[in-house]
Amino acid sequence: MERAYYYFPVGLLLATSLLAVGTADIINDKSALVAFKNHIVLDPHSIVAKNWSISYSVCDWIGVTCDFSRQRVVALNISNMGFAGTIPPQLGNLSFLVSVDMSNNNFYGHLPKGMSHLRRLSFMALGNNILTGEIPSWLGVLDRLQYLSLRENNFVGHLPANICDNLPNLKKLDLYWNQLSGQLLSGLSNCSGLKSLDLSLNQFNGYIPKAVGNLKMLEELHLDNNILKGSIPEEIGNLQSLRALSIESSNLSGSIPREIGNVTMLEGVDFSNNRLTGPIPNEIGNLLKLESLDLGWNSLSGSIPVAIFNISTLRMLRLHDNQLSGVLPSNMCHGLHNLEDIDLYLSANNLTSESSSPELGLFTSLTGCISLRDSIVGDNPLNGVLPRSNGNLSISVEWLDVRNCGLRGNILDSIGNLSNLVYLGLGDNSWTGSIPTAIWGLQKLQYLDLSNISLTGPLSRGLCGLQSLEGLGLSQNQISGSIPGCFNNLTSLKYLNIAFNRLTSTPANGLVGS
């Protein structure tokens with residue numbers, strides 16, 4: 001009995017001490033959250049006012065998650081709550097915090113150094129706020145961090161040189177749309193475990209370093225809208241796991257490296273709006289999982305590799321506004337015939353159509369794209385006649401642009417079969433005859449360009465049936481007679497240009513452009 005007498009108080013004391021420690025710990029967490037609460041100055045949904053009461057356990061607060069075995073706060077998720085305020089240094093006293101998500105609010109000011117004490121943190125999402133200042137170097141001590149998003153804030157300055165030195169577990173770094181500057185990727189080559197990197201819409205400058213090839217785990221790389229110089233390094237071919245690659249609007253020059261053909265997991269590539277020159281490498285045809293390829297707004301030359309049209313997964317091909325030449329293959333839709341929502345943007349090049357007759361084989365081949373949505377081939381010297389099969393284009397076509405292509409002949413009645421058209425551009429060609437009455441079949445049409453195509457005769461009453469029409473261009477033709485009174489029924493019409501014709505009257509609503 002004596003032994004029991006001595007052991008019981010000791011056991012009770014130990015249990016009481018542990019309870020006291022647990023209570024003290026949750027009190028510390030509560031103190032940290034109360035300090036945070038006091039820094040919130042805008043609470044549009046009254047979450048702080050009604051739920052974050054000091055008379056309740058913080059484990060019952062909205063957005064707070066506790067580990068009940070330890071009685072500690074382990075997660076704070078207050079995203080999309082409309083809060084505004086600053087982040088106090090006391091937040092760093094939540095020493096068991098594993099995840100914090102404050103995204104899509106209006107927090108402002110600097111990130112406090114006190115947050116460097118969150119050594120268990122693996123997830124930090126602070127995107128879409130109004131945070132300012134430089135990205136703090138103390139982030140480098142959060143060695144368990146796997147996900148870091150500071151996107152859509154107002155951070156300035158350079159990335160900390162040591163940001164990756166102690167972050168072996170970092171998988172995602174998202175700094176999209178800030179005001180960061182300095183050498184791109186400086187200090188990031190040591191983040192060898194990165195799977196996703198987004199530095200788009202910043203002011204990074206300099207070259208893309210060859211060390212980018214060290215990020216071999218990368219699945220997504222986005223460097224759009226920066227102020228880069230130089231070319232795309234051939235080391236990009238080392239990124240065997242890459243699925244998405246975009247370096248749009250970043251002032252790049254030079255040619256597209258052939259090594260891109262080694263990145264066979266790629267599903268999306270966007271190099272648009274740069275200063276790239278030279279040919280499109282044939283090796284792009286190796287990217288058999290590619291769904292979108294955007295090389296528009298560059299100075300690429302040579303012919304389009306035929307292998308591109310054999311990529312059976314390709315849904316979007318944008319090669320517009322380059323200096324590409326050569327003949328478009330008559331079987332260009334052969335590899336694409338099973339896909340949905342196909343977009344072909346080939347305008348503003350020097351492409352021609354493969355055809356042994358005046359009828360353009362290009363449009364015959366496009367009928368093989370059974371789910372074609374956008375076909376934009378304007379500003380190319382196609383020089384021919386649209387075949388009657390043009391009316392057999394996919395019923396899903398919404399955008400058809402063949403302006404300034406040297407087309408001649410009549411506008412065919414079969415154009416009325418394309419009942420889902422939203423935009424039809426036929427301007428700046430050498431059509432003859434009048435507007436076909438069958439055009440009334442285009443009930444979804446919003447924009448119609450028939451300017452400068454030598455149209456004759458009166459205005460077709462078929463136009464009056466286009467109740468969705470918002471813009472109509474008919475200038476620089478030989479249209480005669482009066483404007484049908486039914487034009488006043490086009491209640492959606494916002495723009496009408498009928499200048500330089502032989503009309504004898506104007507519509508009563510006065511929607512005439514010049």
- Name all pairs fulfilling the salt bridge (Lys or Arg N to Asp or Glu O under 4.0 Å) condition that reach into residues 137-151, sequence neighbours left out, sorted by first residue then second.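 Sorted pair list: R151-D174.
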- Message: Applying salt bridge (Lys or Arg N to Asp or Glu O under 4.0 Å) as the test, list every pair that has at least one member in residues 286-304; sequence neighbours left out.
- Response: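 Qualifying pairs, neighbours excluded: none.
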- Using the side chain to side chain contact (heavy atoms under 4.5 Å, CB included) rule, take L180 and Q203 through it: C-alpha gap first, then chi angles, then the decisive distance, then the call. CA-CA 6 Å; L180 299 169; Q203 299 169 24; over 6 Å; no
- Message: Can you tell whether the side chains of R373 and D343 come within less than 4.0 Å, N to carboxylate O?
- Response: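 Answer for the salt bridge query: yes.
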- Message: Between the side chains of R403 and D379, is the shortest nitrogen-to-carboxylate-oxygen separation below 4.0 Å, so that they form an ion pair?
- Response: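 The answer is no: the pair does not qualify as a salt bridge.
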Are any side-chain N or O atoms of [X] and backbone N or O atoms of [Y], one a donor and one an acceptor, separated by less than 3.5 Å?
{"X": "N178", "Y": "N153", "result": "yes"}
{"X": "N226", "Y": "F204", "result": "yes"}
{"X": "K37", "Y": "W52", "result": "yes"}
{"X": "S325", "Y": "S301", "result": "no"}
{"X": "D374", "Y": "L344", "result": "no"}
{"X": "N420", "Y": "E398", "result": "no"}
{"X": "D29", "Y": "I27", "result": "no"}
{"X": "N380", "Y": "L346", "result": "yes"}
{"X": "N38", "Y": "V34", "result": "yes"}
{"X": "S192", "Y": "L215", "result": "no"}

- Query: For Y147 and S122, what are the C-alpha separation, side-chain angles and deciding distance, and is it a side chain to side chain contact (heavy atoms under 4.5 Å, CB included)?
  - Reply: CA-CA 6 Å; Y147 179 104; S122 65; over 6 Å; no
How close do [X] and [Y] get, heavy atom to heavy atom, and via which atoms?
{"X": "S53", "Y": "W61", "value": "O-NE1, 3.1 Å"}
{"X": "G425", "Y": "Y423", "value": "N-CE2, 3.5 Å"}
{"X": "L142", "Y": "L121", "value": "CD1-CD2, 4.5 Å"}
{"X": "L295", "Y": "N322", "value": "O-ND2, 3.1 Å"}
{"X": "N51", "Y": "I62", "value": "OD1-N, 2.6 Å"}
{"X": "Q467", "Y": "S492", "value": "O-OG, 3.2 Å"}

Extract all donor-acceptor atom pairs below 3.5 Å that involve side chains of residues 41-50 and protein atoms in other chains or at least two apart in sequence.
from: D43; atom 1: OD1; to: S46; atom 2: N; distance (Å): 3.3
from: D43; atom 1: OD1; to: I47; atom 2: N; distance (Å): 2.9
from: D43; atom 1: OD2; to: I47; atom 2: N; distance (Å): 3.1
from: D43; atom 1: OD2; to: V48; atom 2: N; distance (Å): 2.8
from: D43; atom 1: OD2; to: A49; atom 2: N; distance (Å): 3.1

Side chains of [X] and [Y]: is there a donor and an acceptor less than 3.5 Å apart?
{"X": "H222", "Y": "S200", "result": "no"}
{"X": "N273", "Y": "S249", "result": "yes"}
{"X": "R275", "Y": "N298", "result": "no"}
{"X": "Y495", "Y": "E470", "result": "no"}

Are side-chain heavy atoms of [X] and [Y] found at a separation under 4.5 Å?
{"X": "D224", "Y": "L201", "value": "no"}
{"X": "L300", "Y": "L324", "value": "yes"}
{"X": "L76", "Y": "T65", "value": "no"}
{"X": "P88", "Y": "H39", "value": "yes"}
{"X": "L150", "Y": "I135", "value": "yes"}
{"X": "D198", "Y": "E220", "value": "no"}
{"X": "E152", "Y": "Y176", "value": "yes"}
{"X": "R243", "Y": "L266", "value": "no"}

Please output the side-chain donor-acceptor pairs of residues 96-108 that fall under 3.5 Å, not counting sequence neighbours, one pair per line with the distance.
from: D101; atom 1: OD1; to: S103; atom 2: N; distance (Å): 3.1
from: D101; atom 1: OD1; to: S103; atom 2: OG; distance (Å): 2.6
from: N104; atom 1: OD1; to: N128; atom 2: ND2; distance (Å): 2.8
from: N104; atom 1: ND2; to: N80; atom 2: OD1; distance (Å): 3.3
from: N105; atom 1: OD1; to: M81; atom 2: N; distance (Å): 3.2
from: N105; atom 1: OD1; to: G82; atom 2: N; distance (Å): 2.8
from: N105; atom 1: OD1; to: F83; atom 2: N; distance (Å): 2.9
from: N105; atom 1: ND2; to: I78; atom 2: O; distance (Å): 2.9
from: N105; atom 1: ND2; to: M102; atom 2: O; distance (Å): 3.0
from: N105; atom 1: ND2; to: S103; atom 2: O; distance (Å): 3.2

- Does the side chain to side chain contact (heavy atoms under 4.5 Å, CB included) test come out yes or no for N166 and V141, once each step is laid out? CA-CA 6 Å; N166 299 307; V141 307; 5.5 Å; no
Give, for atom [atom1] of [X] and atom [atom2] of [Y], the distance between the pair rounded to the nearest 0.5 Å.
{"X": "S250", "Y": "N274", "atom1": "OG", "atom2": "CG", "answer": "6.0 Å"}
{"X": "L184", "Y": "I247", "atom1": "CG", "atom2": "CD1", "answer": "9.0 Å"}
{"X": "N262", "Y": "L242", "atom1": "CG", "atom2": "CG", "answer": "12.5 Å"}
{"X": "N28", "Y": "L33", "atom1": "CG", "atom2": "CG", "answer": "11.0 Å"}
{"X": "I26", "Y": "C59", "atom1": "CD1", "atom2": "SG", "answer": "4.0 Å"}
{"X": "L442", "Y": "S468", "atom1": "CG", "atom2": "OG", "answer": "10.5 Å"}

- L288: what forms a side chain to side chain contact (heavy atoms under 4.5 Å, CB included) with it, not counting sequence neighbours?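 Here no residue qualifies.
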Return all side-chain donor-acceptor pairs below 3.5 angstrom for residues 228-236, not counting sequence neighbours, or 'none' if the list is empty.
none

- Query: In terms of ring plane angle, is the pair H320 and W297 parallel, tilted or perpendicular, where the classes change at 30° and 60°?
  - Reply: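 Answer is perpendicular, since the angle exceeds 60°.
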- Task: Quick one: do I284 and L293 satisfy side chain to side chain contact (heavy atoms under 4.5 Å, CB included)? Show the steps, please.
- Result: CA-CA 10 Å; I284 281 186; L293 176 62; 4.1 Å; yes
- So with a 6.0 Å cut-off around NZ of K171, is the heavy-atom count from everything else above 12?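 Yes.
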